[in-house]
Amino acid sequence: MADPDLYKPLADRSKPKYYVLEMLPYPSGALHVGHLRNYSIGDALARYKWMRGFNVLHPMGWDAFGLPAENAAIKNNRQPREWTLANIEAMKRQHNRMGFSYDWDLEVSTCEPEYYKWNQWFFLRMLEAGIAYRRKALVNWCPECATVLANEQVVDGCCWRHETTPVEQRELEQWFLRITKYADELLDDTGKLEGGWPDRVLAMQRNWIGRSEGAEVDFKHESSSEKIRVFTTRIDTIYGATCVILAPTHPLAPFLSSPELKRDIKAMIDTQGANKDQGEIEKEGLFTGHYAINPFNGDKLPIWIGNFVLMGYGTGAIMAVPAHDERDFEFCRKYDIAVRPVIRPVDGELGDAATMTEPFTGYGILENSGEYSKLSTSDGQRRMTAKAKREGFGEKAITYRLKDWGISRQRYWGTPIPVIHCAKCGIVAVPDDQLPVILPTNIEITGKGRSPLENVPEFLNTTCPTCGGPARRETDTMDTFVDSSWYFYRYCDAHNSQAPFDSNKIAYWFPIDQYIGGVEHAILHLIYSRFWTKMMRDIGIISNDEPVKRLFTQGMVIKDGAKMSKNKGNVVSADEMIDRFGADTGRVFELFAAPPERDLEWTDAGAEGCLRFLGRVFRFITRNLDVESGAETTGADRKIQRKLHQTLRKVTDDFETRWHFNTSIAAMMELVNEAYALEPELSSQVRRDLLEKLTLMLAPFAPYMTQELWENMGNSGPVFRQQWPEYDEELAREEGAEVILQVNGKLRSKVIVPFGTEREELERLTKADDKIQAHLQDKQIVKIIVVPDKLVNVVVKG
RNA sequence: GCGGAUGUGGCGAAACUGGCAGACGCGCCAGACUUAGGAUCUGGUGGGGGCGACUCCGUGUAGGUUCAAGUCCUAUCAUCCGCACCA
């Protein structure tokens with residue numbers, strides 16, 4: 001037994017070299033090959049653990065991403081899948097059929113009450129720390145289903161189920177986690193992840209956090225004490241401001257609006273919500289009839305409401321500087337608002353307001369800017385910000401694109417948020433000793449109305465833990481991304497009933513050495529879990545800053561030019577493939593067709609080639625099992641041993657470094673081709689050694705077939721529990737170095753020489769070579785470059 | 001618009017630190033065995049020229065560095081992905 005640790009409790013194991021975790025897809029229906037691909041890589045690694053001390057914890061992470069399953073269930077008007085032991089067993093059987101070898105012992109199901117309990121425990125800690133909070137937020141609302149919609153469920157401004165019903169914006173009380181508190185740290189620490197994480201994932205995260213530096217400035221309302229605070233990255237352009245524009249949902253909008261205007265604003269809010277994520281839309285504005293004062297020059301600026309101003313970014317209000325901003329320019333030209341240029345290029349002219357056709361958005365020299373005129377834009381920014389601060393009408397400010405994480409879901413499926421609403425005491429946390437709050441089972445999924453939990457009086461009605469009076473339970477459940485944010489920590493101590501985990505165990509295991517998953521998790525899951533790690537560190541139960549040192553993102557399986565999906569109907573189901581080719585062939589093809597980080601176009605023909613290869617291996621081994629032949633070591637023996645050990649070295653190296661299993665399989669194909677060529681000449685001993693090592697080497701890629709071969713060789717027990725075969729450098733070594741001979745960098749000849757042949761000897765051999773001499777005719781040798789054991793290049797002239 | 005990546009045969013790809021471009025496989029062509037071949041085995045297969053030994057061209061495009069560039073540098077084009085009225 002190569003890995004006696006495997007079945008010990010986690011805490012009793014010796015520390016492995018790596019701790020590999022894999023993100024799993026969600027069980028939205030039948031398994032697709034896209035999913036199989038996920039498994040194949042992790043699974044090949046799983047098999048590798050007995051080779052090099054890899055330890056792959058294979059999470060039972062299904063329900064961490066249960067949302068689509070639930071949507072499907074609601075859509076079909078039936079109950080979500082029950083997470084019973086029987087269902088989990090069925091899933092294991094399905095996977096065993098596909099040849100996945102998981103560490104089922106370590107499974108943690110994030111829908112178990114025990115896991116709810118710790119989700120809720122974390123929630124309460126965050127509530128105490130002010131990280132969890134509740135506020136009103138705008139949500140997409142379908143009046144037809146009377147339910148909240150996720151952004152993805154809004155199609156062309158209408159509900160995905162009612163294509164003619166426009167989605168409305170409604171304000172609901174929602175629970176949030178203050179991830180923005182960690183925005184700077186999340187951004188800065190991407191630097192620590194460089195090298196270990198793919199660049200594109202880090203870029204996506206930085207982009208998502210979207211830090212931008214600028215200033216906030218107050219524009220006073222002309223006739224009241226109200227102030228409109230705007231955010232700008234270009235305070236230097238403030239003398240060019242010609243109006244102030246508010247988001248339609250800005251808190252001051254109602255104050256500035258007549259009843260008719262309020263109606264128009266409401267309509268604008270709804271279209272704005274409906275067109276969210278639609279890219280650029282036609283700019284619309286509504287003039288309020290009110291004015292605000294520019295604090296720098298006392299200008300009276302009209303206050304508008306604009307559909308392109310977002311409440312969720314900055315302060316929800318902007319100063320429009322049409323002469324120096326494309327968007328403001330477009331808006332002001334449309335509504336005939338003044339354009340006032342105040343910046344010129346360093347060696348250029350100030351634009352002319354009447355004739356300019358596009359704004360100047362670059363940096364340069366300030367003009368028409370009072371005491372700041374003739375300053376550079378950067379000096380202007382600095383001095384204006386300082387003045388705003390000094391005089392109390394503004395300050396330096398940083399805003400983020402990242403918003404606080406709204407975790408409220410009006411759904412049945414999920415961890416109940418552990419708070420109680422009491423008429424007298426307000427929002428009261430459920431005491432720790434009453435956790436977990438468990439979902440009732442007698443629910444009815446109607447697909448209508450809000451959370452089905454509101455229709456279950458036994459769940460809804462409770463007593464206030466503070467005053468003992470009658471109270472209502474919170475019916476929102478948590479986003480399932482909460483589950484996936486820390487499940488891997490729980491794996492280290494899955495049965496702990498006193499705490500989410502023992503901190504010492506986390507200190508021992510974490511951070512994760514290697515995490516594997518699809519790039520679709522680059523933003524949400526991978527930011528949330530980084531946030532959760534920092535949060536846990538701050539409440540003092542772990543000490544690592546980051547959850548994952550190295551991240552590997554594998555590609556997708558593409559069929560007919562598109563990502564496989566049930567909607568497109570371009571799915572190759574795993575079952576179908578198993579019936580046609582077998583699980584081994586499917587696995588080998590996926591690994592062979594492209595390196596794992598790349599997308600892969602599915603072709604049946606390619607799979608057939610791999611079936612052929614496996615057939616060649618099977619026939620070769622089978623017909624050679626009982627062959628007896630001469631015992632002396634022949635030239636063929638030496639050749640095949642060299643190839644065998646070179647192949648072993650290659651495959652072992654691919655596992656340890658690049659995971660380019662396509663080249664591993666190519667190398668094994670070469671070995672088999674050579675074995676076919678030399679087959680009749682091999683001695684019994686070498687033949688036997690070849691059969692055995694080839695079987696072991698292929699086992700991670702084709703587990704079923706190699707298991708059978710392994711048993712046919714007279715062995716027993718699982719092949720994947722055998723020691724990984726070691727390669728022998730001596731046997732792998734070539735007999736001599738093949739040296740390339742070039743003239744002016746062009747290949748002209750080759751020679752084979754003993755390793756370590758001296759430069760002088762190589763030069764002599766080169767000059768003596770017939771083919772080289774032919775190219776040296778009438779030429780003058782300028783110099784000779786010699787790279788020992790590799791290459792000689794003769795540089796000539798004339 | 002911003003950000004990230006990728007461009008190599010008919011196709012999937014390989015070439016890991018600059019050093020034989022196209023490994024391996026698919027497809028195609030030919031042969032063997034066959035009543036048959038959609039099984040199997042063997043050989044060939046980047047393009048042009050030559051009976052041939054050989055030879056010239058060739059890694060999106062244009063330059064550059066180097067004895068030597070798919071690989072490094074500069075510019076440019078195309079495709080894919082992510083974000084996007086972000087103030």
Side-chain angles (χ1 to χ4, degrees), chain A residues 198-208 210-212 214 216 230-235 237 245 247 272 275 277-283 306-310 312-321 324-328 330-331 361 399-401 519-520 522-523 555-556 558 588-589 592-595 597-610 612-613 615-616 619 650 653-654 657-658 660 662-673 676-677 738-750 771 774 782-787 790-796:
Chain A
D199 286 344
R200 69 173 161 162
V201 173
L202 293 176
M204 281 160 80
Q205 294 213 349
R206 288 176 184 133
N207 203 268
W208 189 259
R211 180 187 153 104
S212 82
E216 289 182 359
V230 306
F231 172 75
T232 176
T233 53
R234 292 296 301 272
I235 194 175
T237 65
I245 311 174
Q272 190 186 41
N275 290 324
D277 302 322
Q278 297 293 306
E280 205 159 316
I281 52 168
E282 175 67 23
K283 288 178 182 51
N307 65 342
F308 64 97
V309 180
L310 308 172
Y313 187 79
T315 60
I318 62 167
M319 61 173 196
V321 184
H324 304 292
D325 182 281
E326 304 227 1
R327 194 194 38 204
D328 296 346
E330 192 188 327
F331 183 83
T361 57
T399 54
Y400 301 91
R401 211 188 75 89
V519 74
E520 67 272 18
I523 303 296
M556 290 179 305
I558 306 290
V588 168
F589 173 63
F592 176 64
E597 69 272 17
R598 203 180 300 190
D599 285 349
L600 159 70
E601 174 77 27
W602 175 264
T603 64
D604 287 352
E608 277 161 24
C610 292
R612 207 169 299 163
F613 164 65
R616 277 165 70 80
R619 285 190 299 275
K650 168 77 182 148
D653 185 61
D654 278 336
T657 57
R658 300 191 307 160
H660 281 197
N662 54 332
T663 59
S664 307
I665 293 169
M668 286 187 280
M669 285 172 169
E670 283 185 62
L671 172 64
V672 172
N673 290 346
Y676 265 65
E738 191 186 39
V739 174
I740 308 305
L741 306 184
Q742 298 178 326
V743 176
N744 280 350
K746 285 193 176 146
L747 171 72
R748 296 303 177 192
S749 185
K750 300 175 189 183
K771 290 174 191 155
V782 178
K783 64 172 154 176
I784 300 181
I785 311 283
V786 180
V787 183
K790 266 197 162 166
L791 164 143
V792 178
N793 186 14
V794 184
V795 185
V796 298

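Chain A is the first sequence line, chain B the second, and so forth, proteins listed ahead of strands; every chain is numbered from 1.
Distances shown here put a side-chain N or O of A/Arg748 below 4.0 Å from the OP1 or OP2 atom of B/U55. Listed pair A/Arg401 / B/A84 meets the phosphate criterion, a side-chain N or O lying under 4.0 Å from OP1 or OP2. Residue A/Lys783 places no side-chain N or O under 4.0 Å from the OP1 or OP2 atom of B/A68. The side chain of A/Arg598 places no N or O atom within less than 4.0 Å of a non-bridging phosphate oxygen (OP1 or OP2) of B/A5. In this structure, A/Tyr676 reaches the B/C41 phosphate: one of its side-chain N or O atoms is under 4.0 Å from OP1 or OP2. Between B/G27 and A/Arg612, a contact under 4.0 Å exists linking OP1 or OP2 to a side-chain N or O. Between B/C2 and A/Asn207, no contact under 4.0 Å exists linking OP1 or OP2 to a side-chain N or O.
B/U79 and B/C67 have their C1' atoms separated by 36 Å, with the value rounded to a whole Å. Here, B/U6 and B/C54 have their C1' atoms 38 Å apart, quoted to the whole Å. B/C20 and B/A15 are spaced 13 Å apart, taking the P atom of each and rounding to whole Å. Rounded to a whole angstrom, the distance from the P atom of B/A39 to that of B/G27 is 9 Å. With both ends at atom P, the span from B/C28 to B/C80 equals 30 Å, rounded to whole Å. Taking atom P on both nucleotides, B/G82 is separated from B/U66 by 42 Å, rounded to a whole Å.
In this entry the distance linking CG of A/Asp325 with P of B/A84 reads 18 Å, nearest Å. When the P atom of B/A23 is taken as reference, atom CZ of A/Phe592 falls 11 Å away, rounded to whole Å. Per the geometry, CG belonging to A/Leu310 stands 16 Å off P belonging to B/C83, to the nearest Å. Rounding to whole angstrom units, CG of residue A/Asp654 and C1' of B/C16 are separated by 9 Å. Between the CG atom of A/Asp199 and the P atom of B/G3 there is a distance of 14 Å, rounded to whole Å. Rounded to whole Å, atom P of B/A15 lies 11 Å from atom CG of A/Asp653. Put simply, NZ on A/Lys790 is 11 Å from C1' on B/C20, counting in whole angstrom units. Whole-Å rounding puts the A/Asn662 CG to B/A13 P distance at 9 Å.
The residue A/Val309 sits close to a base: some heavy atom pair falls under 4.0 Å. A/Glu326 comes within 4.0 angstrom of nothing in the nucleic acid, heavy atoms only. Residue contacts shown for A/Lys746 are limited to sugar-phosphate atoms, with no base heavy atom under 4.0 Å away. The residue A/Ala666 sits close to a base: some heavy atom pair falls under 4.0 Å.
In a base pair of the Watson-Crick type (N1 to N3 plus N6-O4 or O6-N4) or a G-U wobble (N1-O2 and O6-N3), with each distance short of 3.5 Å, B/C28 is matched with B/G44. As the counterpart of B/A14, no nucleotide is assigned, since no Watson-Crick or G-U wobble pattern has both distances under 3.5 Å. Under the Watson-Crick and G-U wobble criteria, each requiring two contacts below 3.5 Å, nucleotide B/U71 is left unpaired. With a cut-off of 3.5 Å on both Watson-Crick or G-U wobble distances, the partner of B/G58 is given as none. If you check B/U35 for Watson-Crick or wobble pairing at under 3.5 angstrom, you find it has no partner at all. With a cut-off of 3.5 Å on both Watson-Crick or G-U wobble distances, the partner of B/A5 is given as B/U79.
B/G27 adopts an anti glycosidic conformation, its chi angle falling more than 90° from 0.
Comparing B/G4, B/A87, B/C16 against the side chain of A/Tyr313 picks out B/A87 as the nearest. Here B/C41 is the nucleotide among B/G19, B/C20, B/C41 with the atom lying nearest to any side-chain atom of A/Arg616. Of the candidates B/C24, B/G4, B/C20, B/G4 carries the atom nearest the A/Arg200 side chain, counting heavy atoms from C-beta on.
Within the 4.5 Å cutoff, no side-chain heavy atoms of A/Thr361 are placed close to those of A/His324. Between A/His660 and A/Asn662, some side-chain heavy-atom pair lies under the 4.5 Å cut-off. You'll find the side chain of A/Arg748 stays beyond 4.5 Å of the side chain of A/Val794, heavy atoms only. Within the 4.5 Å cutoff, the side chain of A/Val321 has no heavy atoms near those of the A/Arg234 side chain.
Comparing A/Val794 and A/Gly210, the nucleotide of RNA chain B nearest to each residue sits closer to the 5' end for A/Val794. RNA chain B is contacted by both A/Asp328 and A/Gly745; A/Gly745 maps to the nucleotide lying nearer its 5′ end (nearest heavy atom per residue).
You'll find a donor-acceptor pair under 3.5 Å spanning the side chain of A/Arg327 and the base of B/A87, going by distance alone. For B/C67, the base has a donor-acceptor partner in the side chain of A/Asn793 [N/O atoms by modelled type, under 3.5 angstrom]. A/Glu608 contributes no side-chain N or O that forms a donor-acceptor pair with the base of B/C26 under 3.5 Å.
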* To do: Step by step, work out the side chain to side chain contact (heavy atoms under 4.5 Å, CB included) result for A/Thr232 and A/Met319.
  => CA-CA 8 Å; A/Thr232 176; A/Met319 61 173 196; 3.8 Å; yes
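Each of A/Phe331, A/Tyr313, A/Phe308, A/Phe231 was checked for a side-chain contact (heavy atoms from CB on, under 4.5 Å) with A/Ile318, and the lone residue meeting it is A/Phe308.
A donor-acceptor pair shorter than 3.5 Å can be found between the side chains of A/Arg616 and A/Asn673.
The NZ atom of A/Lys283 lies 9.5 Å from the CD1 atom of A/Ile245; values are rounded to the nearest 0.5 Å.
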